[in-house]
Colleague: 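Can you read through this structure? Questions will come right after.
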Amino acid sequence: LMLFLFFIISLLICFSTLGFGLIGLKLINSNNSNFNLGLCGIFGLFILSIISSFTHIFYPHNFIHNITLFTIGFFIFIYFSTNKIYKIKKDLIVFVFVYSLLFLCLLISKTNEDFPYYHLPNSLQFAQQKLQFGLGNLNHGFKHISSLFLLQSLHYFPEFEHYLFNLTNYAFLVFFILFILIEIYFKSDKNSSLSQLLLIFFLILFLTKFSRIAEYGSDIAGQILVSIFLFFIIEIIFNYKLKTHSKFTYFKISLILIIFAISTKFILSIYSLFIIFAFFLIKNKKTLLKNIFKLEYIIIALFPLIYLFFFNFTSTGCILYPVEVTCFSETFKWSLSSDIVNHLNLHYEVWSKAGKGPNLDIQDHEIYISSLNWLNNWIEYYFFNKVSDYFLVIFLILLIFSSFFRKEIFINKYNNFTTNSKFNLFYLITFLVFFLWFFNFPTLRYAGYIIIYLLFIFPIIFLIYKNFDFSNKKIIKKISIIFLISLAIFYVKNTMRIYNEINIQGDKHHNFRNFPFYWVEKVEYEEIIVDGHKLYKTNGKCWDIPSTCVRAADNLKVFNKNNYIFYSFR
């Protein structure tokens, strides 16, 4: 019974999300009612991130708030789905099919390694408390802000409580796969073969490599957004049939997608170079700018960045944590000190360059990260086996693809990309993005998966894309077989995972006694009163203890100003 309720409630939440997305896309492109429902879902998450950011300032995302919000979204969805003007019924059938098909991966007992550390505590904080200042003083987890945590807090419902939080990442995956299938099967005549091939490669990657939602953390959803963003960018740059007004619309959608991605993880801002390049290639820039600088669009597009900086500031005193130059350490008592910010900034960079780990800690951090002193260590401890394993995945994907499309690949009709200026510039920017990633935070989860994938596959698909006619039934049939093979790998990996998790003994960590919901460690904590305010203190990870969770209460000062709570050290 609980499994059935889990399925139905999650589906209804996704319907509601689609309702908000249909409104969002309508605001951007009011002249077009033929939307890709997968993109509507992504835009629904985007609109909900804005709403959650705004309402959290005044209210916690409790049961009443969330039930009210999603009821509104559901009725909006009903309106759009029953209105004949908006042709979404066919897409809706595909959505329910994809949602049901992938549901297996949402059944997990073992969550992401960072989930108890800061994903769950942050989301619970947003669900159980309204805005508070200086949370970063309580534990390191509260220093990390992402729009994903605000979205997760909207899935705090009666009976289920926090056990629906993983639905956020699942919704990203479902809407992404839905977007790809609709673009390939129902809109292939409108897209270039180049962007179609890109989507096929993304489809294989995410079904085979990123098949487990627990792996997503706060990193993969943003890279899903970047993948959709790249589809629209490539359409703008390389689709010569695309009309100017469609390029304007695609540019506006791309801008929102990259801003949304940045709000999940700021490191994804390195992909902004692509949209700058696309802007310079678009004709009638003045008309495009007039479209962009309409008040309703600017408000929608910029809100996620404004709130990202705002919540960074309220938690740490830094506009962009952990960049010390953006901090107001001496101005506000509840801000983190400059020493702490600098220390943690160094810590994160050393960690990303393989200088720190469970069984490793390089002594002199500043010398380690200077120049390329870290490179040998990174190759030894990170390239082998993380990056090398990913290379193997990419190689296998290319092998699968080439085995099905030998005829199309070996037709003597190739693009000479060495003389194609757009390709050369696009690929140059791809390398620039790669170098920005590699020399700053060379960890795959930090924006690395997509840029490495693009470096490998883009020259190949550009070389052969003119050999592919996506109106050809034989090609679509081969794509369908590739999809089924990818789906089979997805099912095998998740079935084996669930089998292993179910067989974990009930007294062991990450058991599945709470099926279909994830495992939560019952940590010891105590209720403490600091300056008349109730807090919950624990010595380990916060997990799901009541908010507000604190790990260090010595010399802590709590005060109330204008009905808002502030945390600082005496």
Colleague: For residues Tyr368 and Gln363, is any side-chain donor paired with an opposing acceptor at under 3.5 Å?
Modeller: no
Colleague: Salt bridge (charged side-chain N to carboxylate O under 4.0 Å, His left out): which pairs involve residues 356-370, sequence neighbours left out?
Modeller: Lys356-Asp361
Colleague: Around Glu330, counting heavy atoms of other residues, nucleotides and ligands shown, do more than 12 lie under 6.0 Å from its CD?
Modeller: no
Colleague: Excluding sequence neighbours, so at least two apart, what forms side-chain contact (heavy atoms from CB on, under 4.5 Å) with Ala221?
Modeller: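 For Ala221 the side-chain contact (heavy atoms from CB on, under 4.5 Å) partners, ignoring immediate neighbours, are Leu148, Asn169, Phe172.
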Colleague: For Phe63, does the CZ atom have more than 12 heavy-atom neighbours from other residues, nucleotides or ligands under 6.0 Å away?
Modeller: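 Enclosed: over 12 neighbouring heavy atoms sit under 6.0 Å from CZ of Phe63.
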Colleague: Can you tell me which residue among His162, Gln152, His155, Gln128 is in a side-chain hydrogen bond (donor to acceptor under 3.5 Å, both in side chains) with Ser123?
Modeller: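 Only one of His162, Gln152, His155, Gln128 forms a side-chain hydrogen bond (donor to acceptor under 3.5 Å, both in side chains) with Ser123, namely Gln152.
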Colleague: For residues 259-272, pull every pair meeting salt bridge (charged side-chain N to carboxylate O under 4.0 Å, His left out), keeping only residues two or more places apart or in separate chains.
Modeller: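 For residues 259-272: Asp219-Lys265.
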Colleague: Return yes when atom CD1 of Ile64 has more than 12 non-hydrogen atoms of other residues, nucleotides or ligands closer than 6.0 Å, and no otherwise.
Modeller: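 It does not: Ile64 CD1 has 12 such atoms or fewer within range.
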Colleague: Would you say the side-chain atoms of Ser547 pair up with the backbone N or O of Gln125, donor to acceptor, closer than 3.5 Å?
Modeller: no
Colleague: So that I know where these two stand, are Phe126 and Tyr156 an aromatic pair - ring centroids less than 6.0 Å apart?
Modeller: no
Colleague: The criterion is ring-ring contact (aromatic ring centres under 6.0 Å, His included); which residues satisfy it with Tyr390, sequence neighbours excluded?
Modeller: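 So Tyr390 forms a ring-ring contact (aromatic ring centres under 6.0 Å, His included) with Tyr449.
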Colleague: Hey, are Thr316 and Lys143 close enough side-chain-wise for a donor-acceptor pair under 3.5 Å?
Modeller: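 Short answer, no.
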Colleague: Centres of the Trp437 and Phe434 rings: under 6.0 Å?
Modeller: yes
Colleague: Are Phe438 and Trp378 an aromatic pair, judged by ring center distance below 6.0 Å?
Modeller: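 Ring centres of Phe438 and Trp378 closer than 6.0 Å.
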Colleague: Could you pull out all residues at least two apart from Cys14 that satisfy disulfide (SG to SG under 2.5 Å)?
Modeller: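 Counting only residues at least two positions away or on another chain, Cys14 forms no disulfide (SG to SG under 2.5 Å).
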Colleague: Using the rule ring-ring contact (aromatic ring centres under 6.0 Å, His included), only one of Phe160, Phe165, Phe115 pairs with Tyr518; which is it?
Modeller: Phe115
Colleague: Does the ring center of Phe512 lie less than 6.0 Å from the ring center of Phe517?
Modeller: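 When the ring centroids of Phe512 and Phe517 are compared, they turn out to be at least 6.0 Å apart.
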Colleague: Any idea which heavy atoms bring Leu3 and Phe515 closest together, and the distance?
Modeller: CD2-CE2, 4.3 Å
Colleague: With a 4.0 Å cut-off on N to O distance, would you call Asp554 and Lys537 a salt bridge?
Modeller: no
Colleague: For residues 561-568, which side-chain N or O atoms pair as donor and acceptor with protein atoms under 3.5 Å away, sequence neighbours left out?
Modeller:
residue	atom	partner	partner atom	Å
Tyr564	OH	Ile57	O	2.8
Tyr567	OH	Gln132	OE1	2.8

Colleague: With sequence neighbours excluded, tell me which residues meet disulfide (SG to SG under 2.5 Å) with Cys318.
Modeller: Cys327
Colleague: Does the side chain of Arg497 pick up a donor-acceptor pair with the side chain of Asn500 at under 3.5 Å?
Modeller: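 Distance-only check fails for Arg497 and Asn500.
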Colleague: Nearest 0.5 Å, what's the CG-OH distance between Leu308 and Tyr321?
Modeller: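 Rounded to the nearest 0.5 Å, the CG-OH separation comes to 14.0 Å.
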Colleague: Roughly how far, to the nearest 0.5 Å, is the CD1 atom of Ile504 from the NE2 atom of His509?
Modeller: 11.0 Å
Colleague: In Å, rounded to the nearest 0.5 Å, how long is the span from OG of Ser10 to CG of Leu5?
Modeller: 10.0 Å
Colleague: For residues Ser52 and His61, is any side-chain donor paired with an opposing acceptor at under 3.5 Å?
Modeller: no
Colleague: Would you check if the side chain of Thr111 reaches a backbone N or O of Ala214 as a donor-acceptor pair within less than 3.5 Å?
Modeller: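 No; judged by distance alone, with no hydrogens or angles, the pair does not exist.
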Colleague: Checking the side chain of Glu324 only, and the main-chain atoms of Ser338 only, is there a donor and an acceptor separated by less than 3.5 Å?
Modeller: no
Colleague: Quick one: salt bridge (charged side-chain N to carboxylate O under 4.0 Å, His left out) partners of Lys333, sequence neighbours excluded?
Modeller: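 In terms of salt bridge (charged side-chain N to carboxylate O under 4.0 Å, His left out), with neighbours along the sequence ignored, Lys333 is linked to no residue.
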Colleague: In a check of ring-ring contact (aromatic ring centres under 6.0 Å, His included) between Trp334 and each of Phe133, Phe142, Phe559, Phe328, which one passes?
Modeller: Phe133
Colleague: Verify the neighbour count for atom CZ of Phe391: are there more than 12 heavy atoms of other residues, nucleotides or ligands below 6.0 Å?
Modeller: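 Atom CZ in Phe391 is crowded, with more than 12 foreign heavy atoms closer than 6.0 Å.
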Colleague: Ignoring hydrogens and angles, tell me if any N or O in the side chain of Asn122 forms a donor-acceptor pair with the backbone of Gly141 under 3.5 Å.
Modeller: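 Yes, because the side chain of Asn122 sits within donor-acceptor range (under 3.5 Å) of the backbone of Gly141.
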Colleague: Mind checking whether His144 and Tyr348 have ring centres under 6.0 Å apart?
Modeller: yes
Colleague: For the residue pair Ile369 and Trp374, what are the closest heavy atoms and their distance?
Modeller: O-CD1, 3.8 Å
Colleague: Quick one: salt bridge (charged side-chain N to carboxylate O under 4.0 Å, His left out) partners of Lys522, sequence neighbours excluded?
Modeller: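 With neighbours one apart ignored, the set is Asp544.
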Colleague: Ring centroid separation for Tyr307 and Phe303, is it under 6.0 angstrom?
Modeller: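 Here the rings of Phe303 and Tyr307 have centres that are less than 6.0 Å from each other.
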Colleague: List in chain and number order the residues that pass salt bridge (charged side-chain N to carboxylate O under 4.0 Å, His left out) with Glu349, two or more places apart in sequence or in another chain; answer none if no residue qualifies.
Modeller: Lys353
Colleague: Any salt bridge (charged side-chain N to carboxylate O under 4.0 Å, His left out) involving residues 506-521? Give me the pairs, sequence neighbours left out, ordered by first then second residue.
Modeller: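 Qualifying pairs, neighbours excluded: none.
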Colleague: Between His140 and Tyr117, is the ring centre distance below 6.0 Å?
Modeller: no
Colleague: Heavy atoms only: give me the nearest Val98-Tyr170 pair and the separation to one decimal.
Modeller: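 Taking Val98 first and Tyr170 second, the nearest heavy atoms are O-OH, 4.4 Å.
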Colleague: Taking salt bridge (charged side-chain N to carboxylate O under 4.0 Å, His left out) as the definition, give me every residue that meets it alongside Asp531, ordered by chain and number, with sequence neighbours left out.
Modeller: Arg570
Colleague: For the ring pair Phe103 and Phe7, is the centre-to-centre distance below 6.0 Å?
Modeller: yes
Colleague: We want to know whether Ser263 and Ser147 form a side-chain donor-acceptor pair, criterion being a heavy-atom distance below 3.5 angstrom.
Modeller: yes
